[in-house]
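Comments concern the structure below.
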Protein chains: 2
Amino acid sequence: MLSERQRMILNAIIDDYIRSAEPVGSRSISKRGDVIFSPATIRNEMADLEEMGLLEQPHTSAGRIPSIKGYRYYVDHLVTLDGVGDQDARKLRTFFAEKMNHWEGVIGHAATILSQLTNYTSIVLGPEMFSTTLKHFQLIPINDVSAVAIIVANTGHVEHRTISIPDGISMDDMGKIVNLLNEKLTGVPFYKVKSVLHSEIAKELSRYVEQCEDILTLLEQTITEEQEPKVFFSGASNMLTQPEFKDVDKAKNILGMLEETQLLMQLFQSNPTGIQVKIGTENTLEAINQCSLITATYSYEGQSLGTIGILGPTRMEYGKVISLLNFLSKDIALMMSRWYK
Amino acid sequence: MLSERQRMILNAIIDDYIRSAEPVGSRSISKRGDVIFSPATIRNEMADLEEMGLLEQPHTSAGRIPSIKGYRYYVDHLVTLDGVGDQDARKLRTFFAEKMNHWEGVIGHAATILSQLTNYTSIVLGPEMFSTTLKHFQLIPINDVSAVAIIVANTGHVEHRTISIPDGISMDDMGKIVNLLNEKLTGVPFYKVKSVLHSEIAKELSRYVEQCEDILTLLEQTITEEQEPKVFFSGASNMLTQPEFKDVDKAKNILGMLEETQLLMQLFQSNPTGIQVKIGTENTLEAINQCSLITATYSYEGQSLGTIGILGPTRMEYGKVISLLNFLSKDIALMMSRWYK
DNA sequence: ATTAGCACTCGACGAAAAGGAGTGCTAACG
DNA sequence: CGTTAGCACTCCTTTTCGTCGAGTGCTAAT
């Protein structure tokens, strides 16, 4: 729909604006060198692009800035994936070379590094247990009345909770229960655990122990309890670097949102595999209507391991960030397979 | 050293300044009602207080603001502990009434609540394993080459890491090793684990398994590896509410510091029991030279469980925060004892 | 179709002026 | 002698106003 020239101009304007954060005028485009037309011509095209809704004018005598629609077109048709710079690649590689001994660590550090490399904020959603299967269950008494329940998933993910031991349960009973659970539940996907508990385990349990009702509900709570969503962020202070958030109130809105786990979860509601870009008001959350969010999901052998997102101003370096996320997602898969040989 | 009147005036000035964040003039003090002298008299006293270094003047024709020394005097001699309001108390109580099933949860939520109640930023340092004893050790194979090692402390604290299984170790061997470790290490304080591993376990181990060297170092790494310091913060966006940080650069400095775990640890270096107040430049970290940090340590039965700190502008509500931390620390102890009956 | 030229718009920047809160000092008062 | 009223002075803050200049849209020439 756009002429070649219009696309070049749009590309040039967005490129410039991403760098400068200031409205781009026809003259400066003309002087860039990659569009060899006079300012007047460019002005005409700019007026057309504005009419199409791809550009906007802050006020009459200012240059143009891209609209949401403009960014969308840019991301869909124009952006060039810069590839990942040598330095960045090295940094990521050395990061994965370090020994990482648990999941939270890997994902957390990945987030930190990403926010450092991009100077944006990274948001990370941990793996959902929902899609994994149970590998091992263990109860470890701490004292007479409480015990630690440990749940290991086949991905190596570990959850633990402290529970209080119901009266009248002996160590012996507990051992039996644990054995029974491991026998019956190992390999069962978490979303089925609840039903298996009721169908298969309830009967067996009643043979050993008396008040099996109580124990059953306790176990059910313990194992299937909605694990707290593991969502966190890194590099929030980078937001303050962006000139669009030099106004403290805007910044506060965004930082405030980052701190509300509930809201943060909403960001990742729709979770298609691969890389997704949400620009400005395309995000349902009002707080980040001036931001863009680029997300990537990671999976290993079909199991979703989590989502990582980069949050920046709408004027963000889409090319760079998309490349980086691509690179990283491949590297994570690589590392996983090496980890599990 | 200060006359009663001077103390009243100092107190009034600091109170006012904490509320308004603006230099306090003699007139406004006189009109407050609690100091029944004329502005002129108050001015004279203010000049004296400034000479003593307790007050400062931003410029000639402005009111006075407290100096670091002034705040220090206020905290040491003047501040009235407001007690905890009914609402706040209820909020804290209902918080602890919720079932909390692991440590990270309790401390983390406590931090969130505190930052909400105070409108400052709270920083939390998790329990140090150093001072706890080992309760249970477990190895759970995930697949042929990797296993999850789980370490439970007597406090109910759980650590886990993924390790790769050395070649030539059978399931059987692993079982033996785990049994041996539990037998020898249960009840041993973590800081002694290393030496016990070498002295007692090395020999025994060599009976069962051949390449005991490898395994020993692996175990040593696994168990004694410096666990990542669990330090995190909550309510950072509250900082942006404070007028002293309406300048984005100052805010960025502080937020940036909060995100660097290393630096954050430094804040808690000196860790006396009880409540400690560090005002402005009394903090060694330059980034928070315009902030005050109030910290409280929590222990249960002599074991330090962690530290929680409230970070705000030097102009912070010392009375309120100190009261709250006091209240909370007692409540945590209470909850602990209820938890462990 | 492209471009040079030109009048026009409108925010940014800076100087100057007005306003006002607060001080320090002096002198008067009980 | 301690306290207070009065007053000149300081200096920050806010407002106003004029200038500047980047950038536009339009028209006419190429």
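Here is the naming used below: chain letters follow the sequence lines, and residue numbers restart at 1 for every chain.
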Any B:Thr41 side-chain nitrogen or oxygen under 4.0 Å from OP1 or OP2 of D:dT3: no
Establish, with yes or no, whether the OP1 or OP2 oxygen of D:dT27 is under 4.0 angstrom from a side-chain nitrogen or oxygen of A:Arg43. no
Whole angstrom is fine here: how far is it from CZ in B:Phe37 over to P in D:dT4? 7 Å
Here the distance between atom P of D:dC1 and atom CZ of B:Arg5, to the nearest Å, is 16 Å
Has A:Ser61 got a side-chain N or O lying under 4.0 Å from the OP1 or OP2 atom of C:dC8? no
A:His59 NE2 to D:dA22 C1': how many Å, rounded? 9 Å
Quick one: does any side-chain atom of B:Thr121 pair with a main-chain N or O of B:Gly235 as donor and acceptor, under 3.5 Å? yes
Taking for each residue the nucleotide of DNA chain D with the nearest heavy atom, is it B:Thr60 or B:Ala40 whose nucleotide lies nearer the 5' end? B:Ala40
Under 3.5 Å, is there a donor-acceptor pair between the A:Ser115 and A:Ser234 side chains? yes
Roughly, in whole Å, what's the span from CG in A:Leu55 to P in D:dG25? 11 Å
Need to verify one output field. Residue with the more 5' nearest nucleotide on DNA chain D, B:Pro58 or B:Asn44? B:Asn44
Determine: side-chain N/O of A:Ser38 to OP1/OP2 of C:dT3, distance under 4.0 Å, yes or no. yes
Can you check the A:Ile29 CD1 to D:dA22 C1' distance for me, whole Å? 14 Å
Between P on D:dA22 and CD on A:Gln57, what's the gap in Å once rounded to a whole number? 17 Å
Nearest atoms (heavy-atom pairs only) where B:Ser28 meets B:Asp16: OG-OD2, 4.2 Å
Below 30° counts as parallel, above 60° as perpendicular, anything between as tilted: where do the rings of B:His109 and B:Phe95 land? perpendicular
A:Glu50 CD to D:dG25 C1': how many Å, rounded? 12 Å
Spacing of B:Arg27 atom CZ relative to C:dA21 atom P, expressed in whole Å: 9 Å
Would you say B:Arg64 reaches C:dG22's phosphate, i.e. side-chain N/O to OP1/OP2 under 4.0 Å? no
Relative to the ring of B:Phe233, is the ring of A:Phe233 parallel (under 30°), tilted (30 to 60°) or perpendicular (over 60°)? perpendicular
